[in-house]
Student: 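Input: one structure, supplied below.
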Amino acid sequence: MTRRAVVVGTGHYLPERVVENAEFEATLDTSDEWIRTRSGIERRHFAAEGETTSDMAAKAAERALADAGLTADDVDAIVVATSTPDLTFPSAATMVQSKLGMTKGFAFDVQAVCAGFVYALSNASALIASGQASRVMVIGAETFSRIMDWTDRGTCVLFGDGAGALLLEAQEQPGTNKDRGILATDLNSDGRYKDLLYVDGGVSTQSTGHLRMQGNQVFRHAVEKLASTANTALDRAGLSASDVDWIVPHQANIRIIQGTAKKMGLSMDNVVVTVQDHGNTSAASIPLALSVGKERGQIKEGDLIVTEAIGGGLAWGAVVLRW
Ligand code: UT7
């Protein structure tokens with residue numbers, strides 16, 4: 001038997017304020033048509049004043065607990081993937097721990113920008129496989145609206161805020177690639193590309209900074225690296241793209257999502273797409289899409305899912321799991 005990390009609950013939270021593309025036309029030389037056709041984004045949610053990453057993360061986690069029929073006392077660890085924590089420290093994860101009323105276990109953040117959720121899932125799976133934890137709440141939560149340069153039309157129209165959570169539980173499975181749970185992961189980064197997507201501020205430079213991106217350069221890396229990491233993770237699980245029921249990709253750009261599916265030889269009928277409603281929510285985008293995909297009735301128990309993401313670093317990776 002093999003100890004696997006199986007998803008037993010999902011939840012998500014989106015801030016109340018919805019901003020349609022057309023709203024940017026008032027302040028920027030842009031159009032709904034450009035944003036829609038170049039990125040696939042139609043609208044995004046922005047956090048309210050005072051609403052923080054850990055507020056949203058805690059709400060998503062509460063919904064995942066309710067979905068699983070469990071309480072915070074049943075959780076051993078919280079991992080939050082975020083690049084936009086409330087404070088420099090403590091971690092957003094410990095703030096979620098406090099908001100959930102958890103006084104035991106452990107909590108920490110993972111920072112791998114848009115690939116953060118894939119990195120967090122991989123870490124949580126290892127904690128479960130090694131016996132260090134039996135139930136891990138893995139959350140992706142971001143307030144990217146706080147690091148936008150509202151005069152830069154090349155970035156500020158693309159990002160949004162939100163949070164998604166998966167509750168993973170240790171379950172003994174037969175030890176084949178038909179098992180439920182996380183079957184394989186693949187993580188990569190290459191710091192040579194650190195200037196393609198970054199924030200020009202931070203604690204040790206004493207500012208918050210704004211997101212800067214050479215979008216078309218990131219785009220060029222994305223399709224190739226995403227299809228490759230997804231295929232590597234599938235290969236590690238002894239599976240191939242033809243076994244996949246759902247690609248649940250990082251939601252940055254519909255053209256990247258389509259290009260990756262095509263490169264993997266899969267149809268868009270096998271892809272969960274939420275980019276039109278959420279924009280790019282960085283580390284939150286995959287758990288948001290998983291939770292929404294389950295709510296829509298797309299994702300069902302037993303489905304083989306591959307998630308993949310790329311972002312600042314560049315950092316990228318994929319996780320293969322059976323729901
Ligand atoms: O999540 C982390 C990973 N990030 C990504 O995956 C994002 C990857 N990149 C992208 O999604 C796309 O590159 C963008 C959506 C950011 C841009 O699309 P593109 O087709 O690569 O456009 P571009 O950057 O090459 O720009 C084309 C033109 C430029 O004008 P000129 O130089 O051709 O005159 C831009 O100035 O579009 C212009 N442009 C805009 N026009 C209207 C850029 N942003 C806008 C805008 N509205 N908002």
Side-chain angles (χ1 to χ4, degrees), residues 19-44 81-84 111-120 140-145 147-162 164 188-191 193-199 210-230 247-261 263 271 273-276 278-289 307-318:
V19 174
E20 301 286 338
N21 288 346
E23 278 196 43
F24 291 101
E25 292 173 2
T27 52
L28 288 170
D29 179 15
T30 190
S31 65
D32 172 44
E33 209 258 331
W34 190 95
I35 302 168
R36 238 174 239 262
T37 52
R38 302 315 292 166
S39 73
I41 297 164
E42 297 173 23
R43 59 193 66 80
R44 75 287 291 140
T82 190
S83 305
T84 48
Q111 206 271 49
V113 205
C114 297
F117 194 75
V118 163
Y119 274 60
E142 301 279 17
T143 42
F144 262 49
S145 61
I147 50 167
M148 289 298 112
D149 173 352
W150 299 110
T151 65
D152 177 12
R153 67 177 183 172
T155 54
C156 74
V157 302
L158 302 173
F159 292 88
D161 302 335
N188 311 270
S189 61
D190 188 340
Y193 302 118
K194 62 184 170 34
D195 297 334
L196 296 187
L197 175 49
Y198 65 101
V199 171
H210 294 114
L211 182 146
R212 307 292 175 202
M213 176 167 73
Q214 294 179 43
N216 47 13
Q217 299 293 321
V218 177
F219 192 103
R220 287 223 317 263
H221 285 281
V223 176
E224 184 209 316
K225 289 184 165 51
L226 291 173
S228 162
T229 186
I247 305 178
V248 183
H250 171 46
Q251 311 279 325
N253 186 313
I254 190 67
R255 293 183 295 133
I256 295 175
I257 294 171
Q258 288 162 340
T260 306
K263 221 170 163 69
V271 185
V273 180
T274 54
V275 69
Q276 69 283 2
H278 302 165
N280 182 346
T281 58
S282 190
S285 90
I286 288 175
L288 269 164
T307 65
E308 30 84 347
I310 187 167
L314 294 173
W316 67 101

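Computed from a prediction, not measured in an experiment: that's the story for all the values here. For reference, positions follow the sequence shown, starting with 1. Remember, it's 1-based here, ligands and their atoms both numbered in the order they're listed.
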Student: Please state which protein non-hydrogen atom is closest to atom 47 (N) of ligand 1 and give its distance, to 0.1 Å?
Tutor: T30 OG1, 2.6 Å
Student: Does either side chain, that of S282 or that of E142, offer a donor lying less than 3.5 Å from an acceptor on the other one?
Tutor: yes
Student: Any idea which of W34, F219, F144, W316 brings a heavy atom closest to atom 43 (C) of ligand 1?
Tutor: W34
Student: Check whether any side-chain heavy atom of T30 lies under 4.5 Å from a side-chain heavy atom of I35, and answer yes or no.
Tutor: yes
Student: Protein heavy atoms near atom 34 (O) of ligand 1, is at least one of them under 4.0 angstrom away?
Tutor: no
Student: For residues T281 and D161, determine if any side-chain heavy atom of one lies less than 4.5 Å from a side-chain heavy atom of the other.
Tutor: no
Student: Strictly by modelled atom types, are N280 and R44 linked by a side-chain donor-acceptor pair under 3.5 Å?
Tutor: no
Student: Suppose I only count heavy atoms of A252 and a 4.0 Å limit; which atoms of ligand 1 are within that range?
Tutor: 1 (O), 5 (C), 6 (O)
Student: Do any nitrogen or oxygen atoms of N280 lie less than 3.5 angstrom from nitrogen or oxygen atoms of ligand 1?
Tutor: yes
Student: Is atom 28 (C) of ligand 1 in close reach of the protein, with a heavy atom under 4.0 Å away?
Tutor: no
Student: Examine ligand 1 and decide if any of its atoms is less than 4.0 Å from a heavy atom belonging to A222.
Tutor: no
Student: Provide the number and element of each atom of ligand 1 under 4.0 Å from a heavy atom of H250.
Tutor: 1 (O), 2 (C)
Student: Could you tell me the residue and atom name of the protein heavy atom closest to atom 20 (O) of ligand 1, and the distance to it rounded to 0.1 Å?
Tutor: R38 NH2, 2.7 Å
Student: So do L196 and H221 actually touch side chain to side chain, heavy atoms under 4.5 Å?
Tutor: yes
Student: Has E33 got more than 12 heavy atoms of other residues, nucleotides or ligands less than 6.0 Å from its CD?
Tutor: no
Student: In terms of residue, atom name and distance, what is the protein heavy atom nearest to atom 19 (P) of ligand 1?
Tutor: R255 NH2, 3.7 Å
Student: Which atoms of ligand 1 have any heavy atom of G154 under 4.0 Å away?
Tutor: 44 (N)
Student: Hey, are D149 and R212 close enough for a salt bridge, meaning a charged N less than 4.0 Å from a carboxylate O?
Tutor: yes
Student: Can you find a pair of side-chain heavy atoms, one from H210 and one from I147, that are under 4.5 Å apart?
Tutor: no
Student: For atom 15 (C) of ligand 1, tell me which residue out of D32, N253, L226, V218 has the closest non-hydrogen atom.
Tutor: N253
Student: Is the closest protein non-hydrogen atom to atom 31 (P) of ligand 1 under 4.0 Å?
Tutor: no
Student: Taking the non-hydrogen atoms of M213, is any one of them nearer than 4.0 angstrom to ligand 1?
Tutor: yes
Student: Would one find an N or O of S39, backbone or side chain, under 3.5 Å from an N or O of ligand 1?
Tutor: no
Student: Considering L158, I256, V113, I257 one by one, which has a heavy atom nearer to atom 6 (O) of ligand 1 than any of the others?
Tutor: I256
Student: Protein heavy-atom contact under 4.0 Å for atom 9 (N) of ligand 1?
Tutor: yes
Student: Give the residue and atom name of whichever protein heavy atom lies nearest to atom 38 (C) of ligand 1, and the separation in Å to one decimal.
Tutor: R153 NH2, 3.6 Å
Student: Do the non-hydrogen side-chain atoms of W150 and T27 ever get within less than 4.5 Å of each other?
Tutor: no
Student: Taking only heavy atoms of V157 into account, list the atoms of ligand 1 that are under 4.0 Å away from them.
Tutor: 48 (N)
Student: Judging by distance only, is a nitrogen or oxygen of G215 under 3.5 angstrom from one on ligand 1?
Tutor: yes
Student: Within this structure, what is the CD-OH distance for the pair Q217 and Y193, rounded to the nearest 0.5 Å?
Tutor: 10.0 Å
Student: Please classify the L197 to ligand 1 contact at 4.0 Å (heavy-atom distances, strictly less than): side chain, backbone, both or neither.
Tutor: side chain
Student: Roughly how far, to the nearest 0.5 Å, is CD of E25 from CG of N21?
Tutor: 8.0 Å
Student: Would you mind reporting whether Q276 and I254 have side-chain heavy atoms less than 4.5 Å apart?
Tutor: no
Student: Going by heavy atoms in the side chains, are F219 and I256 under 4.5 Å from each other?
Tutor: yes
Student: Answer side chain, backbone, both or neither: which part of C114 comes under 4.0 Å from ligand 1, heavy atoms only.
Tutor: side chain
Student: Between T229 and E308, is any side-chain donor less than 3.5 angstrom from a side-chain acceptor?
Tutor: no
Student: Starting from atom 21 (O) of ligand 1, what is the nearest protein heavy atom, named by residue and atom, and what distance separates them?
Tutor: N216 CB, 3.5 Å
